[in-house]
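In what follows, a structure is listed as structure tokens, so that the remarks can point back to it.
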Amino acid sequence: MKQYIRQFGLLVFTVFTLAACKTADKEETVDMEKIKGEIQAMEDAYAAGEKNKDADAVAAYYSDDAISYSRNKSPLMGKAAIRESFANNIAKDTTGNYSQYKIVDLFVEGDAVVEIGSWTDFDPSGKELENGNYMSYFQKRDGKYVCVRDMSTTTKAVKSGM
């Protein structure tokens with residue numbers, strides 16, 4: 001009987017030891033510089049689309065189901081609405097002003113990226129007019145990142161009476 005108890009104890013010890021030694025699934029390493037480069041390239045393409053008054057280039061930034069929350073406006077629902085809003089804005093614009101977008105921080109989890117960034121508006125001579133911050137949420141779909149949600153704020157003082 002003692003022999004069976006020892007063998008059972010040895011078996012239990014072996015099972016627990018092997019279970020503890022189980023190799024953990026390899027964690028996928030995230031190449032933050034690569035992802036940062038991809039997202040910054042998207043920001044640069046968006047800015048170029050704005051500067052060139054190309055609504056399609058701006059809309060390429062977004063997923064079909066994107067929602068964009070902008071300052072002092074109702075949210076724009078869907079890529080088509082975002083494109084239409086941008087097309088209407090550029091049709092009226094005669095200033096020649098342009099924007100730059102810069103990544104401040106990135107958070108990556110699987111196929112999702114949250115970007116916190118800053119934006120700056122300039123006049124054609126390069127004089128800074130306004131600046132602010134934004135946050136964009138990206139998902140990797142069909143092998144490339146697309147913006148699913150974004151929102152922005154300005155650092156410009158609020159006019160009294162608003």
Side chain to side chain contact (heavy atoms under 4.5 Å, CB included) assessment of Q139 paired with S63: CA-CA 9 Å; Q139 288 180 343; S63 66; over 6 Å; no

Using side chain to side chain contact (heavy atoms under 4.5 Å, CB included), reason through N133 and T155 one step at a time and then give a plain yes or no. CA-CA 8 Å; N133 302 290; T155 57; 4.3 Å; yes

Do Y61 and I82 come close enough that some side-chain heavy atom pair is under 4.5 Å? no

Side chain to side chain donor-acceptor pair (under 3.5 Å) pairs touching residues 83-93, sequence neighbours excluded, are D56-R83, D93-T95

Given side chains that start at C-beta, do those of Y145 and I39 come closer than 4.5 Å, heavy atoms only? yes

Measure the spacing between CD of E43 and OG of S118 and express it to the nearest 0.5 Å. 10.0 Å

Any S136 side-chain heavy atom under 4.5 Å of V114 side chain: no

From CG (N97) to NZ (K127), nearest 0.5 Å: 10.5 Å

Quick check for you: to the nearest 0.5 Å, what is the distance between Y62 atom OH and L76 atom CG? 8.0 Å

In this structure, NZ of K79 is separated from CG of D64 (nearest 0.5 Å) by 5.0 Å

Determine whether more than 12 heavy atoms belonging to other residues, nucleotides or ligands lie under 6.0 Å from atom CD of E128. yes

Give me the atom names and distance for the closest heavy-atom approach of I35 to V30. CD1-CG1, 3.6 Å

If you count heavy atoms of other groups shown closer than 6.0 angstrom to NZ of K53, is the number above 12? yes

Stepwise side chain to side chain contact (heavy atoms under 4.5 Å, CB included) test for V148 and R141: CA-CA 10 Å; V148 178; R141 296 182 181 175; 3.8 Å; yes

Same cluster for M42 and Y69 if Ile/Leu/Val/Met/Phe/Trp/Tyr side chains link at under 4.5 Å? no

Over all heavy atoms of both residues, which pair between M77 and I67 is shortest? Give the atoms and the distance, please. SD-CG2, 3.7 Å

Please report the closest heavy-atom contact between G49 and A57, naming both atoms and the distance. CA-CB, 3.8 Å

What pair of heavy atoms forms the shortest contact from R71 to S152, and how long is it? NH1-OG, 2.8 Å

hydrophobic_cluster_shared for W119 and I103, side chain cutoff 4.5 Å: yes

Charged N to carboxylate O below 4.0 Å: is that the case for D121 and K156? no

As an exercise, state the distance from OG of S99 to OH of Y134, rounded to the nearest 0.5 Å. 11.0 Å

Do the side chains of E38 and F138 get nearer than 4.5 Å, heavy atoms only? no

Rounded to the nearest 0.5 angstrom, the CD-OH distance for Q40 and Y46 is 14.0 Å

Any side-chain donor near an acceptor of the partner, E115 and Y101, under 3.5 Å: no

